[in-house]
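Both backbone and side-chain heavy atoms feed into the values below; hydrogens, waters and symmetry mates do not. Labels below follow one simple rule: chain letters A, B, ... track the order of the sequence lines, proteins then strands, and each chain is numbered from 1. None of the values given here were measured: they were computed from a predicted structure.
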Amino acid sequence: MEKIVSLCKRKGFIFQSAEIYGGLNGCWDYGPLGAELKRNLKEYWWRKNVQEREDIVGLDGSILTHQEVLKASGHVGGFSDPMCDCLLSKARLRADQIEPQSGTVHWYSGASHEESGWSVEKNFAVLLQEGQDENKAKKTARQYYAQFLTDKQISPKKIELTADRTEEVTDSTDFNPENGSLLTEPRSFNLMFKTQMGASADENDPKATAYLRPETAQTIFVQFKNVLDSNRIKLPFGIAQIGKSFRNEINPRNFTFRSREFEQMEIEFFCSGEDGLRLTDEWLEERLKFYEEIGIPRDKLHILDVPDGERAHYSKKTYDIEYEFPFGIQELEGVAYRTDHDLKAHQDGHDDAKGSGKSMEYFDAEAKEKFIPHVVEPSAGCDRTVLALICEAYDEETITNDKGKEETRVVLRFAPRMAPTKVAILPLVKNKPELVAKAREVQSMLTPFMNVFYDETAAIGRRYRRQDEVGTPYCVTIDFETLGEEEGKEDLKDTVTLRERDSMKQERIAIADLRNFLLEKIH
RNA sequence: GCGGGUAUAGCUUAGUGGUAAAGCUCCAGCCUUCCAAGCUGGCUACGUGGGUUCGAUUCCCACUACCCGCUCCA
């Protein structure tokens, strides 16, 4: 993984955000090649899912989100569970799920070790249930204070405790039921980014509160009616969206995999309740096919059929599509059958939100019935897929050069349709003006159709390797045959050497055929 | 959030209580007729902030970021 992170920086795929200021936790910037790669992914997704389908339309919603939207969706309130940490075992517990306990609390104010002169002043407490020996409290407290010992050779048993007081409590949730250890104060984790609307808004004015959306999906649900009314479209149909979302991840990790700002590619495919389960399976297949097309083979993907109890309560079926990243098998996309939960919530609300009160019903003219549509949601992580593309493409090859010396060739084997640069145009040498001029000519011929890179510096072999390292699938070399000046090879006039990245094979191709050849490969 | 590790040039590393070395890359020039050739020259670094010290990149503390293992992930 470190090699990949290093290559990404070295070649301009991905940089740490605000690196010159020390970096911004969990944020990343795409450099020139990363930006091309990501565009290629998004454009291909959009083309396949929106432009080439009659039953899906696009949407590009605002990132700033009305607080009522996220109350109705359950993101405000419902998912900001207060958590406590056990001071002893460091286990994290949900405050609302701690079983209340009664008993005697033994408070301590610190501990010391006479021989070494070590001491610590920190409050700690242990809850003893009726019938438990006081020695248990002491043992637990010694274990707690032992973690502050500077000399790990000292046995916890030798620690002197400073007893403070005892206290009787009933139905307390301040202690870990597992070991009686004191817990930290409950802290709430609201994973959404909150902001104030209006330049002069008071920070404390609750009406000014807005959120950066934590998922693109809610925009789609909220605009469901408008899309339906403006597009002469019939169920089943989908609304697709690509866009940024934001979550205050507790622990961003694994390069760009878990970022606080990330891009999603989502479809909400609306249907009747009878079709939900079948469409979920169909979408799973559809999505697997997509990954194959962008160069992520089926055998590197794992399908997790999320079991009962682990799915969201409203979901009747959820598949996670996972990829074998170098740091583990991790989710790329979720395909979830969310029933009519979302539209219903935005229509009627629920216990903690009033909803919009606007009808989300669909009228089926044939069956002459009104109902709230169900929805199947294939939701893909764009940045995660980019990372998967890079991980999958990365390869090191040991090759023996002309001098019999072994060397390593680093090559990114991107599918041509994903590759940031499609073709490099290289004059064989740069000190022959005719070659350079011809190369420039070929470059301008191809530029309107694809991302072309021109390079005339250094030896030809080095230039090939540079292109390998950034995954350019084809190199075109303009040589003396191209000019028709080679004796006995006049028929090679206006042909070039086409060198393929993976095999390093070279073939002759007419300049006139170049465009169509390449377009077919990268489409 | 916890524990462990790391932080020196674009990259990979060396090194020192008296401001630092190398390889590769990159740039310029010369040369070069198909897989990282050669020659010459050049740019660029001790993560941030404190402390100790005459002096800190080096020792100490804090912070930040990244990596690994837990934890978490609507």
Subject >> Selection: residues 495-506 of chain A, any non-hydrogen atom under 4.0 Å of RNA chain B >> reply: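 The answer is T497(A), R499(A), M504(A), Q506(A).
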Subject >> Pairs where residues 419-434 of chain A contributes a residue and the test side-chain hydrogen bond (donor to acceptor under 3.5 Å, both in side chains) is met, not counting sequence neighbours >> reply: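 Residue pairs passing side-chain hydrogen bond (donor to acceptor under 3.5 Å, both in side chains), neighbours aside: none found.
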Contacts of type ring-ring contact (aromatic ring centres under 6.0 Å, His included), residue [X], not counting sequence neighbours:
X: Y108(A); result: none
X: F517(A); result: Y474(A)
X: F270(A); result: F224(A), F237(A)

Pairing residues for [X] by the side chain to side chain contact (heavy atoms under 4.5 Å, CB included) criterion, not counting sequence neighbours:
X: Q443(A); value: I425(A), R440(A), T447(A), V452(A), Y454(A)
X: T398(A); value: E406(A)
X: E19(A); value: K9(A), Q16(A)

Take the protein atom [atom1] of [X] and the nucleotide atom [atom2] of [N], then report the distance between them rounded to whole Å.
X: F193(A); N: rA74(B); atom1: CZ; atom2: P; result: 16 Å
X: E310(A); N: rC72(B); atom1: CD; atom2: P; result: 12 Å
X: K3(A); N: rU12(B); atom1: NZ; atom2: P; result: 12 Å
X: L332(A); N: rC73(B); atom1: CG; atom2: P; result: 20 Å
X: N25(A); N: rC66(B); atom1: CG; atom2: P; result: 5 Å

Take atom [atom1] in [N] and the same atom in [M], then report the distance between them in whole Å.
N: rG55(B); M: rA65(B); atom1: P; answer: 31 Å
N: rA14(B); M: rU57(B); atom1: C1'; answer: 14 Å
N: rU58(B); M: rU53(B); atom1: C1'; answer: 13 Å

Subject >> K9(A) side chain near rC11(B) phosphate (N/O to OP1/OP2, under 4.0 Å) >> reply: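 Yes, K9(A) has a side-chain N/O under 4.0 Å of OP1/OP2 on rC11(B).
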Subject >> Short side-chain N/O contact from S6(A) to OP1 or OP2 of rU12(B), under 4.0 Å >> reply: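 Yes, within the criterion.
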**OP:** Between protein and nucleotides 23-32 of chain B, map the contacts as a letter string: B base, S sugar-phosphate only, - none, heavy atoms under 4.0 Å, written 5' to 3'.
**Re:** --SSS---BB
**OP:** Examine Y319(A) together with W283(A) and report whether their ring centres are nearer than 6.0 Å.
**Re:**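 Y319(A) vs W283(A): aromatic centres not under 6.0 Å.
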**OP:** For D491(A), check salt bridge (charged side-chain N to carboxylate O under 4.0 Å, His left out) against everything at least two apart and list the hits.
**Re:**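 D491(A) satisfies salt bridge (charged side-chain N to carboxylate O under 4.0 Å, His left out) with no other residue.
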Subject >> Pairs involving residues 327-349 of chain A, ordered by first then second residue, that meet ring pair (Phe, Tyr, Trp, His ring centres under 6.0 Å) (sequence neighbours left out) >> reply: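 For residues 327-349 of chain A, and leaving out neighbouring residues, the ring pair (Phe, Tyr, Trp, His ring centres under 6.0 Å) pairs sorted by first residue read F257(A)-F327(A), H313(A)-H341(A), Y314(A)-H341(A), F325(A)-F327(A), Y337(A)-H374(A).
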Tabulated below should be each protein N or O lying under 3.5 Å from an N or O of nucleotides 46-49 of chain B; please produce it.
none

